[in-house]
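These notes concern the structure reproduced below.
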Amino acid sequence: MNRPLPPTAPADERAIDQTLAQWVLQRTGSNLLATAVRVVSNAEGRGHSCAWLSDPDTGAGFDTEALAAIRRHAWVGDGRHFTPFVLDARNRFYLWRNWQHEAKLAAAIRLRCRQRTLPIPADILEGDLDALFAGMPPGITDWQRAAVAAVPGARFFVLTGGPGTGKTTTVVRMLLMLLRRARACGLPSQPSIALAAPTGKAAQRLVQAIARGKAELQVSLSQCGSAPDLQELLQHIPHADARTLHRLLGYRPMDNTFSHGPRNPLAEDIVVVDEASMVDLAMMRQLLEALRPDAVLILLGDPSQLASIDAGSVLADIVASTPPNRLPPAMANLLAPWLQNAPGTATDDAPLAGQVLTLTYSWRAGSGLQRGIEALRDTPDPAWLDTLLSARADGDLHLRHCPSPRALRSCVDGWIDRHAELLQTLLTLPVEAGAALQSLHQLQILCALRDGPFGAHGLNELIARRLAARFGIDSGHAWHHGRPLIITRNDYARGLFNGDVGIALQGAEGLRVWFELGDRDGNTGLRSFSPRALPAHESAWAITIHRSQGSEYRDVAVVLPPDEDNRILTRELVYTAISRARSHAEIWATDESLRAALARPIRREGGLRERLRPDQDPRK
Ligand SMILES: Nc1ncnc2c1ncn2[C@@H]1O[C@H](COP(=O)(O)OP(=O)(O)OP(=O)(O)O)[C@@H](O)[C@H]1O
């Protein structure tokens, strides 16, 4: 085993990758194993749950002899028993923990999917759908109806779609359906519901979205006048309390464990998790294992967005494991009468068929921004990009040429001009904290990078200087009235968490930093802190696109570095950024870097999607 290292030194090697490899080398004396460990550690750092030791497309990497030697090593197994590393039959190499997360998560999902029943007879379903979709045309609401009709009897359900496709509108109806037919679905007569999301920001947005969805449905139900019990049941859907997944599962930062798991499952009968694309492999396994077998899990999200920061691309893998919107034959027959377009059918043994549905009709369609979002969801349409590059704008989506720091300065000046009124109010007038925090939802600069002149740090410094010059702020002081900032480290004692956005405001007590925070009972309220009491933080005129996930703003400016070879530039990154905008987005980039980003989809290595396909032997 002491052969020279194969030529597989990973790009972007981190100190931890080398340290781990060194440790393995010292204990095993095997260069080969140490090299494979270096590769897999590096892969994990880039979000992969495993590393291919032999590329399935090119065959590059470790040769057959090297692979056989690694496979024979005592520290490497096939996953049946504990070994520090696992090499599967397809030459995917795992750290034991990621192998376990994948295997256990896939097994938990498959088990839940096998339990599905179709407990509601067709005539009852018809009445329910008529009441819940009164006045809504069939055709464009087909997949919303299908989701509402398919959720009874499911223990695991995934509803996906791009922005504005009606996920909230639909999930409120799905919950109402479960409440009305609870006993038939094997739930208590008044099932309890938990709402959760991966970040505090996303949880706040979920609260607002559910409250709005409930109010809209309330109007529709009272207008149609039928089924008064539905109006009563609607009150049982919570809308003031959504927790982060960490809080839902009882995260204990002292020892990095959770109080809820298989031995202490969650009490709730129905758990809804929004922004599921941000949930990594380890967290999703924890969630699945913390559910009672008879509880229902509903995941909402958009698999085209950036995947989780930590390893895995769980939502995208789940969605890709089953053909889109194909139903098992029995379900297709049951639903056919209410769908204008006959649904395609899946094979009977497809584990997730009928439990993963995608909403395809955008209710915000028609704007240039929406066209851009749709064009970027899958493989970008080259004609769309060419048109945009030559016209420089499509309605509310704009391109600004930004090849240099000098061009960036003029983009910033233009941005300040366009938002001058709002910025002036924030920076120079007394403003109430709630209103000031609300106005931060109006505009946001999103950067692909954190560091460098085109990164969020550089942009924040540049913006601070330009604002100081324009509005007469003392540029010698970082702390000034109207400065937005984002917390970058959790502070459990103060209840401030990574990603919380606040604003510094001068008041009777001097300069205080205000946040809208949730308390332990799920209520949100305004709280202020002295700047000295804050955990690690930075200015937030510009934040990274990764940080913006789960948030939404009226106007967004997206900054891409002009270096088109930068590996950060991917289609998912640009899609995630512009889909944060409700009304207007501008992209500050060169044509080349935009083209390069759109041509580079993220591919995360892992075996989850295969494990969820029909008849998979988990060790393959
Ligand atoms: N069946 C429907 N009939 C009429 N309007 C609808 C329907 N479904 C959704 N809408 C409207 O479309 C808009 C977007 O819907 P919704 O908020 O449910 O989408 P979403 O997918 O949750 O959006 P986002 O991802 O941005 O949170 C809302 O204004 C909603 O009222």
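In listed order, ligands and their atoms are each counted from 1.
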Considering R145, E552, K167, Q208 one by one, which has a heavy atom nearer to atom 20 (P) of ligand 1 than any of the others? K167
Do D229 and R180 sit within salt-bridge range, that is, some charged N less than 4.0 Å from a carboxylate O? yes
Proximity winner for atom 30 (C) of ligand 1, if only heavy atoms of I373, T169, I140, L206 are counted: T169
In terms of atom number and element, which parts of ligand 1 are under 4.0 angstrom from non-hydrogen atoms of R212? 17 (O)
Indicate yes or no: does E275 engage K201 in a salt bridge with an N to O separation below 4.0 Å. no
Name the closest protein heavy atom to atom 26 (O) of ligand 1, giving the residue it belongs to and the distance to 0.1 Å. R364 NH2, 3.1 Å
Does D269 offer a backbone N or O that forms a donor-acceptor pair with the side chain of S192 under 3.5 Å? yes
What protein heavy atom is closest to atom 27 (O) of ligand 1, reported as residue, atom name and distance in Å? R205 NH2, 3.3 Å
To the closest 0.5 Å, what do you measure between CZ (R371) and CG (D394)? 4.0 Å
Judged by non-hydrogen atoms, does R582 sit under 4.0 Å from ligand 1? no
Between T141 and ligand 1, which residue portion shows a heavy-atom distance shorter than 4.0 Å: side chain, backbone, both, or neither? side chain
Quick one about S362 and Q370 (side-chain donor to acceptor, distance below 3.5 Å, no hydrogens or angles considered), yes or no? yes
Where is the nearest protein heavy atom to atom 22 (O) of ligand 1: which residue, which atom, and how far? T168 OG1, 2.6 Å
Show me which atoms of ligand 1 lie under 4.0 Å from any heavy atom of T165. 19 (O), 21 (O)
Any idea which protein heavy atom is nearest atom 12 (O) of ligand 1, and the distance to it? W363 CB, 3.0 Å
When the ring planes of Y251 and H246 are compared, do they come out parallel, tilted or perpendicular, using 30° and 60° as the limits? perpendicular
Can E516 and Q204 be counted as having a side-chain donor-acceptor contact under 3.5 angstrom? no
Salt-bridge contact E586-R418 (side-chain N to carboxylate O under 4.0 Å): yes
Who's the nearest protein heavy-atom neighbour of atom 8 (N) of ligand 1, and how far? Q144 NE2, 3.1 Å
Should one rank P137, G166, G162 by closest heavy-atom distance to atom 19 (O) of ligand 1, which comes out on top? G166
So, are E552 and R582 salt-bridged, with charged N and O less than 4.0 Å apart? yes
Using a 3.5 Å cut-off on N or O atoms only, is P163 in polar contact with ligand 1? no
Would G164 count as a contact residue for ligand 1, given that I'm defining contact as a non-hydrogen atom of the residue lying under 4.0 Å from a ligand atom? yes
Atoms of ligand 1 close to E216 [distance to a heavy atom under 4.0 angstrom, numbered from 1]: 30 (C), 31 (O)
Any donor-acceptor pair under 3.5 Å from K167 side chain to T160 backbone: no
Please classify the M136 to ligand 1 contact at 4.0 Å (heavy-atom distances, strictly less than): side chain, backbone, both or neither. side chain
